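Encoded as structure tokens, the structure appears first; notes follow it.
Order of the sequence lines sets the chain letters (A, B, ...), proteins ahead of strands, with each chain counted from 1. Since the model is a prediction, treat every value here as computed from it, not as a measurement.
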Number of protein chains: 2
Amino acid sequence: MSEAQTELLRIGQVSDHSQLPVKTIRFYEERGLIQTAKRTSGGFRLFTPSVLSRLSFIRRSQALGLSLNDIQDILGIADSGQRPCKSVRHKFQEKISEIDERMQQLQQLKEQLQILIAEADEREGLDADYCPIIEHAGESTSS
Amino acid sequence: MSEAQTELLRIGQVSDHSQLPVKTIRFYEERGLIQTAKRTSGGFRLFTPSVLSRLSFIRRSQALGLSLNDIQDILGIADSGQRPCKSVRHKFQEKISEIDERMQQLQQLKEQLQILIAEADEREGLDADYCPIIEHAGESTSS
DNA sequence: ATATACTCTCCAGCCAGCTAGAGATATAAG
DNA sequence: CTTATATCTCTAGCTGGCTGGAGAGTATAT
């Protein structure tokens, strides 16, 4: 009967279980991504074990490419009650669009780089000191 | 005959021609990406017109996904004389590899997101308050 | 009581690539 | 000469996601 809640975790224990640095956990709490259940009389943070799945969700979402802001939005909706799932799906859809966009950009960049390399290769034999990539840089800056 | 070099440009003119903010040009100079030809007696920067193609090269390379560090390396080699083209090609090849890697990552993320969305969709009808994305977050954090 | 480990807050800095503002001086035009 | 504009240096901030250290206090085991 000595402790009413053996369940509450101090930050170090949360760190151990979540594999996250103590600093990061504090940082998340400051940012509002997670909450403490309460504090000890001395001021130590005490978390319910549910913080672990929350942290897990945060890391998984991060790994999936969501920013902490995105995640905070989602968790905020989740906390406020109804049907976070809808907004989660929405966020994820958005992210997918962003990913598609980014991949297209990257594809373009890649093609451009390849063109430039090919040009350089062509020139190479003829004119070893001329570098088309650098030299004719004058034109297409802004457009 | 009044001016020996009409050719030298002040920073504002460079800004006009390059479409880059004055601040950015100063910033590039501080970073060593470009150099001033000299200064006026009053301390105004004076650039040779060649700085324009250099800036153009910088921006083009940036648009192609190179970092300022990358660009600085390339320009450093170019400045030091021999055959920058080789190292430029090398950098570009490297960047292409990075792009490929990044695209693979993105593809994976996208697939994961799609899986999660699909899961959520399945559950949706059955159990409107259950969000698989959030709820069963407990497992695969670190691995 | 004390040694040890844990935790607290606050402040600072890192990466990149700028951007903003203050306050001083330079130059060009009239 | 005056005024307007351009430029100077210096300091500081922004975004995102932490990370590090100082210095002080707390909890626990013996």
**Asked** Can you tell me if Asp100(B) and Ser97(B) form a side-chain donor-acceptor pair at under 3.5 Å?
**Response** no
**Asked** If you find the nucleotide of DNA chain C closest to Gly43(A) and the one closest to Tyr28(B), which residue's nucleotide is nearer the 5' end?
**Response** Gly43(A)
**Request:** Please report, rounded to the nearest Å, how far the P atom of dC18(C) is from the CZ atom of Arg31(B).
**Result:** 9 Å
**Request:** Would you mind checking if Lys95(A) and Glu98(A) are paired as a salt bridge, meaning a charged N to carboxylate O distance below 4.0 Å?
**Result:** yes
**Message:** Please tell me whether Gln105(A) and Arg102(A) have a donor and an acceptor in their side chains that are separated by less than 3.5 angstrom.
**Reply:** yes
**Request:** Measure from the side chain of Arg45(A), starting at C-beta and using heavy atoms only, and say which of dT9(D), dT9(C), dA27(D) lies closest.
**Result:** dT9(C)
**Complete:** Picking from dT27(C), dG17(C), dC18(C), the nucleotide nearest the side-chain atoms of Ser67(B) would be dG17(C)
**Asked** Is the closest side-chain donor-acceptor distance between Gln104(B) and Gln108(B) under 3.5 Å?
**Response** no
**Asked** Using a distance-only test with no angle check, is there a side-chain donor-acceptor pair under 3.5 angstrom linking His17(B) and Gln13(B)?
**Response** no
**Message:** Can you tell me which nucleotide in dG25(D), dC8(D), dA6(D) comes closest to the side chain of Arg39(B)?
**Reply:** dC8(D)
**Whole-Å gap separating P (dT27(C)) and CG (Leu9(B))** = 16 Å
**Complete:** Taken to the nearest whole Å, CG/Asp16(B) to C1'/dT5(D) is 13 Å
**Fill in**
Checking dG16(D), dT19(C), dG17(D) against the side chain of Thr24(B) (C-beta onward), the nearest is dT19(C)
**Request:** Among the candidates dG17(D), dA16(C), dC18(C), find the nucleotide nearest to the side-chain atoms of Phe27(A).
**Result:** dG17(D)
**Request:** Rounded to the nearest angstrom, tell me the gap between atom CG in Asn69(B) and atom P in dG17(C).
**Result:** 7 Å
**Request:** Let me know, please, whether Gly42(B) or Arg26(A) comes out on the 5' side of the other along DNA chain C by nearest nucleotide.
**Result:** Arg26(A)
**Request:** Specify the residue among Ile11(B) and Ser41(A) whose closest nucleotide of DNA chain D lies further upstream toward the 5′ end.
**Result:** Ile11(B)
**Asked** To the side chain of Phe44(B), which of dT9(C), dC6(C), dT27(C) is closest?
**Response** dT27(C)
**Request:** Measure from CD on Glu30(B) to P on dG17(C) and round the result to the nearest Å.
**Result:** 15 Å
**Complete:** note: Leu46(A), atom CG; dC6(C), atom C1'; distance rounded to Å ~ 13 Å
**Quiz item: Lys23(B) side-chain donor-acceptor pair to dG21(C) base, under 3.5 Å** = yes
